[in-house]
Structures are given as C-alpha cells and as structure tokens.
Number of protein chains: 2
Amino acid sequence: MIDNPYYSPDVHEDFELISIGRLELEDGGVIDDCRLAVRTWGTLDEAKDNAILIPTWYSGTHQIWADAYVGPGHALDPEKYFIVAVNQIGNGLSTSPHNVDDPDIAMSKFPHVRIGDDVVAQERLLREHFGIERLALVVGGSMGAQQTYEWAVRFPDKVLRAAPIAGTARNTPHDFLFTETLIAQIHSDPGFAGGEYATHAQVEDGLRRHAHLWGTMGFSTEFWKQEKWSALGFASREQFLTDFLEPYFTAMDPNALLTMAWKWQRGDVSRHTDGDLEAALGRITAKTFVMPIDEDMFFPVRDCADEQRLIPGSELRVVEDVHGHLGLFAVDPGFMPQIDMHLADLLAEPVETPVPAEAAALSR
Amino acid sequence: MIDNPYYSPDVHEDFELISIGRLELEDGGVIDDCRLAVRTWGTLDEAKDNAILIPTWYSGTHQIWADAYVGPGHALDPEKYFIVAVNQIGNGLSTSPHNVDDPDIAMSKFPHVRIGDDVVAQERLLREHFGIERLALVVGGSMGAQQTYEWAVRFPDKVLRAAPIAGTARNTPHDFLFTETLIAQIHSDPGFAGGEYATHAQVEDGLRRHAHLWGTMGFSTEFWKQEKWSALGFASREQFLTDFLEPYFTAMDPNALLTMAWKWQRGDVSRHTDGDLEAALGRITAKTFVMPIDEDMFFPVRDCADEQRLIPGSELRVVEDVHGHLGLFAVDPGFMPQIDMHLADLLAEPVETPVPAEAAALSR
C-alpha cells in the first residue's frame, strides 16, 4: 500500500468506504473485498424512488460533483433527491492498485476492470446497502457517461432516466488511440518500473507528459485561442499548465490512471448484444438525454448524436462550452446553467413505473 | 555526421543540393554553408515568369509533391510551369543537424531556424541560382503554408499568387502546445542523450510515441470511425500504426524533427509588424486562396478563415477530406481533384504585374 495524500479526506471530503464483498470481474480477476468510496446527499424517501446515481469519470472523484453540480439551486438538489456518487473502481479512492491490502492484486497485479464491473458493483451497493431498486436518474460525464449507458442497457428496469454527458456508449477507435498515448506517457517513464514504483512521485515525468496531452485534447483549440485560462486566474498558458494541469495529474497514482484508462478504452454496451450497438441501445427504456459538449475534441457531437438516434424516445441536448471536454470541470459561467436546465427538464419528464422485473422477464 | 538512409537518393529521387553560402539566422546563429535540397520540374521561360515555388511541411520533403501533386494533368503542370520544390532547412535533406560538416553546429548545437530564415534562403536561391524575381505561385501545406504566408508578407512584390493549404500565418497557441507534446516524446527517450545520439535508432521509442500522437491529432475522429485505413490497404488500425505511421517517423532524424518543430511553433508573419496580424496580412498583394481541410483537428477551418478575412481580395477554399490534416498525403481519391481545381482557378486568376520594387519603394 502506498500512502498518497491526494486520496485522503483532506482532499476528498465526506465520503464513506463501503465494502460490497467479493467481486468477480468480467475479465476473470477477482477483488475479494471490493470497497466503494461513496458520497451521499439528501434523504431517501420511504418509497425509495427519489434516488439519483452519479458514477465518476477518468481521474475524477465525487469531489467535483460536490463542488459544482450538487446542491441547493441545482437540478441535483439534496432537498428533493437522495443522491449517491460512487467512485469508480481503480480511481484511487475506491479499491485501487495502490490501496489494496491483498498482495495478490496490489500494484501491477491489479486485475482488469470493465465498465460493467463497476455497474454490477454499484447495483449491489445500492440494493444491499441502501435498499434501492430503481433510480430516478443516472447521470455522469465521460467515463461516468459510459457507466450511465451501461446501467441503462444492463438494468433497463432499474433506470428511469439517464443523462450521459460528454461520453459514448461504445468507445470510439479515436478515443482508444488517444488513451493509448496517455498510457504510453506513464509506461515510458523509467520510474514506473513496470508498475512497482515505491511512490507516485517516481513517475512524475510521465504524469507530467500525461497532463500535457490533456492540455491539447482535453480543451479545445478555441479555449487556447481565446485565452480562457485568463478568466480562471492564470497569467499565461504556461502557468495554466504548470500550476493547474501538472499538479492535478502528478498528484495521482499512475496505476490508478492505468486501471481507468484500460477500462475507458473498452467501454461498450454492445458487449451485451454480440456487438450490435443498435440492439443494445434499443434495450434502453430510460428517458435519455444525450448531452455532448459542442467543442469536445474526442467525444464530438456527431459521435454522440449517432448513438442518440438509436435510443428510443431520447433527446440530443448539446451543451455549449468552449472549454471542450474538460468543460466538465464546470469552470465556465455558462456551463452549469445549461446542465441544470437539461437535468431539470429530464427530471420533470414523466416516466412510467416499469413493470416489475419478474413480469418483464415473462413477457419477453 | 550520421548516415541515415532515409535521406538518401534511394528514398528521395532527383534532387540537387545547392549551396546558397552563408546564412545568418534571425535568432542569431549562422549556417556557414547552407545547402538546400531542390527538386525542379519543367522549364523556366525566357521572361522568367512561369515559376512556382513549393516549400515543404513538417517531416515532409519534395517527394510527396513529386508523387502526388506535380505532373501532367495536375494544376502544377511541368508543361506550363517551372516548378521548384525547396526542402526546408533542418528537414534532413537540406542542411540539418545530422548532416552538417561543421562541428560547431552539428547535432545538439544546431542553431534555431525560423520560417523567415527559410524564406530568405529560398529567395536567394531563386534569384541567384535561377534568376527568378517573381513567382506565379507559392503553394505549400502545413509548415509549407507558413512559408507561403511568410513569402507573401515579406516579399509582396515577388508573389503573384499564394495558396497556403492547411496551415496558418500565425501559429495558434493550441498548435504550439501540440508541438510541445511531440517534442516531449523525443526528449523523454533516454536514447536521445541530449541530442547527441550515435544513430536515430537509439531514439526509436520516442519516435514511435511521436508517431502515435500523429495518429490521434493528424487524422480525424471520423477517419478512425470510418476505418479509412482499410481503403489504404491495412488490415486493422493497429497495422496502420505499426506498418505505416511508426516506420514513417522512426526512419527520421530526431534532431531534424526538433529543428522543424521549434520553427513551426514560432511561425508568425506579424513579426514584421510588431505583432499586428491585421497589418501583416494587409500587406499581401498576391491573389490568395486560403485552403484549410475541413476535418483538420489542429488547423481548423475557423482559424484559417479568421486570417483569410484579413487578406485583401483573398478567397476561402475549404478542402473536404475526412483524413484530416494528413489528408495532405493525398491518399483520398477526392483530395487531389479539389486541390487541382482550386489551384487551376487560382492560376487562371489575372494578376497585375507589380510595380518594380524600386518604384514601389518610392511611392510608399
């Protein structure tokens, strides 16, 4: 185990580690004691029908949702909803290569985890720990969108509404290759030592290069041209890199990033339907708003729109933000009002209470 | 000197090394014996007014122009025009870090070269070696577009027509950062040894990572989604990387790429006008077609269009190609017909023979 202060309660407030027990993974590995880092807001009502689930994105945690998305005045309002943010497996807070006790799966021996594993783990958590059988909404950005799609396809009876933001149901080839270049930055650092570094600081060079790739692909050409970093309080584009992107990523655990990267690359709901994406998305019964960001360089609107057209009754809600994909950090003053408007519209959509699972199975 | 077979006549046909003598550089260095690798087609007419200049792009040489752009049936027709392709300084064929005799500027000691240095060298070559005082057309892609703009701003009386393809007059911040990530791939390879490697093969890992960055940014998201590599004869996207992009870039000299990268990052015609881009582009008297590629991820149409609006009498001619920036390789069947159409239109544009330079100077 490596003690990395980034994953401490000093940086990430108010979360609880909840064990869901043994988790057998799709790719054959096992996590004997899978712990999920969970943050909740609000109160579950008696009917247990006001629950909202938030899965997290690559390198992200529940904290950005606490800081920007959830609270009074937002669509994700704890006064109305019981909101559960679950950190994805391998994100550094939930069970991850650097924080497991079990030497058989520590560090470089950590097994491959898929988007489906996270969703299975989350479903078990919600059911066994909170008694939640149905979700009023699943909402997530980027890899959180991948998990949102996986929820809606895998457990259609349990998801009433879905809002995948800036992400896809089946990862694109371009995204796969972009992620390969992220991975290569870490692997090529001699300090990585095949994943058996003594501290993440040994991989600082690789993490810094990894941060710089986010600089070109994570933001948009217009972000840099319009010098949007200036509005964020930075004096130059160099300072934006050295004082924001570099410290952000160099604080993280390299094996955690690699676990998430591998998972991201292989997100694909059509694994349920022998590769037939139309059939997979056709299963969705949730009222779905597909919400790409217009300036996203690697989840472009057209890729998201192609999927949206395959989802019955869905709507395409494009979010405008010159920050591009990392607009998800909600730093543009225009970002959250759009998110809140779309999510409020979605939450106001009437949905039919689905037929109980047993009856649905019989009618198929 | 390193003997790199990629820069031999086996790979690059029919070029001549022409010395233009001592070249003092904008950034303070000197190349005592600056040799330019030059390929020509056709015959210069007696009035010497049928000359076309082609400067080269990053990692490129005259060879791609020979293979795809120049010849009977193309707008760049040797039956009509005397066409001169000049390899940029530092591209591995012209004077470059690995091929200079002078130990004072070899390898890591090679001086910084700017776009303006290339254009000054080319002007001297054309005037002193060929007796050419005016160009019917300057046309180039990417860094060749940077040189095209530099020609039109620096020597307005000498350029009758200009066709910058997929490039900008002033490099954008996003491009600067993308190029930084390319540079970092080479610098981070221990085999680079501060630029004093014994053979480029020692830097193969870095060059391979550099190739992979071109895989995500050089092509478009649609290129990968539509599996366009298939039409190019590859069986998978992995094979496209391992059998095309990797061998393409790992054959090259790392210091040559770094020389070009530094130059690319700082291309800026507004150096002539104290940073005033409008004033610089306002100097252009050449009839100019600005030709971005619609799917280019780092020279997007809007950036090129912003500059085009500042050029008197210019036109925006967008080239459609799902291959993105590296559509410049002219592999899409639809690419060359568009280039030929636009260049033929441009060459058919009547232009006023400019007032001789002396008279123009008096009238200012």
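Within every chain, numbering begins at 1; the chains are lettered A, B, ... in the order of the sequence lines, protein sequences first and strands thereafter. Computed from a prediction, not measured in an experiment: that's the story for all the values here.
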On a heavy-atom basis, which atom in A/Thr181 and which in B/His212 lie closest, and how many Å separate them? CG2-O, 3.8 Å
Do you know the tightest heavy-atom contact between A/Arg209 and B/Ser188?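 Scanning both residues, the minimum pair turns out to be NH1-CB, 3.2 Å.
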Please rank A/Glu238, A/Met217, A/Glu222 by heavy-atom pairs under 4.5 Å with chain B and give me the top one. A/Glu222
Distance col, row A/Phe298:CZ vs B/Thr221:OG1, nearest 0.5 angstrom, shows 11.5 Å
Spacing of CH2 belonging to A/Trp214 relative to CG belonging to B/Leu177, to within rounding of 0.5 Å: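 Here the interatomic distance stands at 15.5 Å.
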Which one of B/Leu213, B/Asp175, B/Thr172 has the most heavy-atom pairs closer than 4.5 Å to chain A? B/Leu213
Leading residue by heavy atom contact count with chain A [cutoff under 4.5 Å; candidates B/Glu227, B/Glu180, B/Gln185]: B/Gln185
With distance as the sole test, does A/His174 use its side chain to make a donor-acceptor pair with the main-chain N or O of B/Thr216 at under 3.5 Å?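 Checked: pair present.
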Return yes when atom CD of A/Glu278 has more than 12 non-hydrogen atoms of other residues, nucleotides or ligands closer than 6.0 Å, and no otherwise.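 No, the 6.0 Å shell around CD holds no more than 12 heavy atoms from other groups.
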Heavy-atom contact with chain B under 4.5 Å, split by part of A/Asp189: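 Contact with chain B: none, neither part.
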So which part of B/Phe176 gets closer than 4.5 Å to some heavy atom of chain A, the side chain, the backbone, both or neither?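 When you check distances to chain A, only side chain atoms of B/Phe176 fall under 4.5 Å.
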Ion pair A/Lys225/B/Glu307, N-O distance below 4.0 Å: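 Looking at B/Glu307 together with A/Lys225, the answer is no, because their closest N to O distance does not fall below 4.0 Å.
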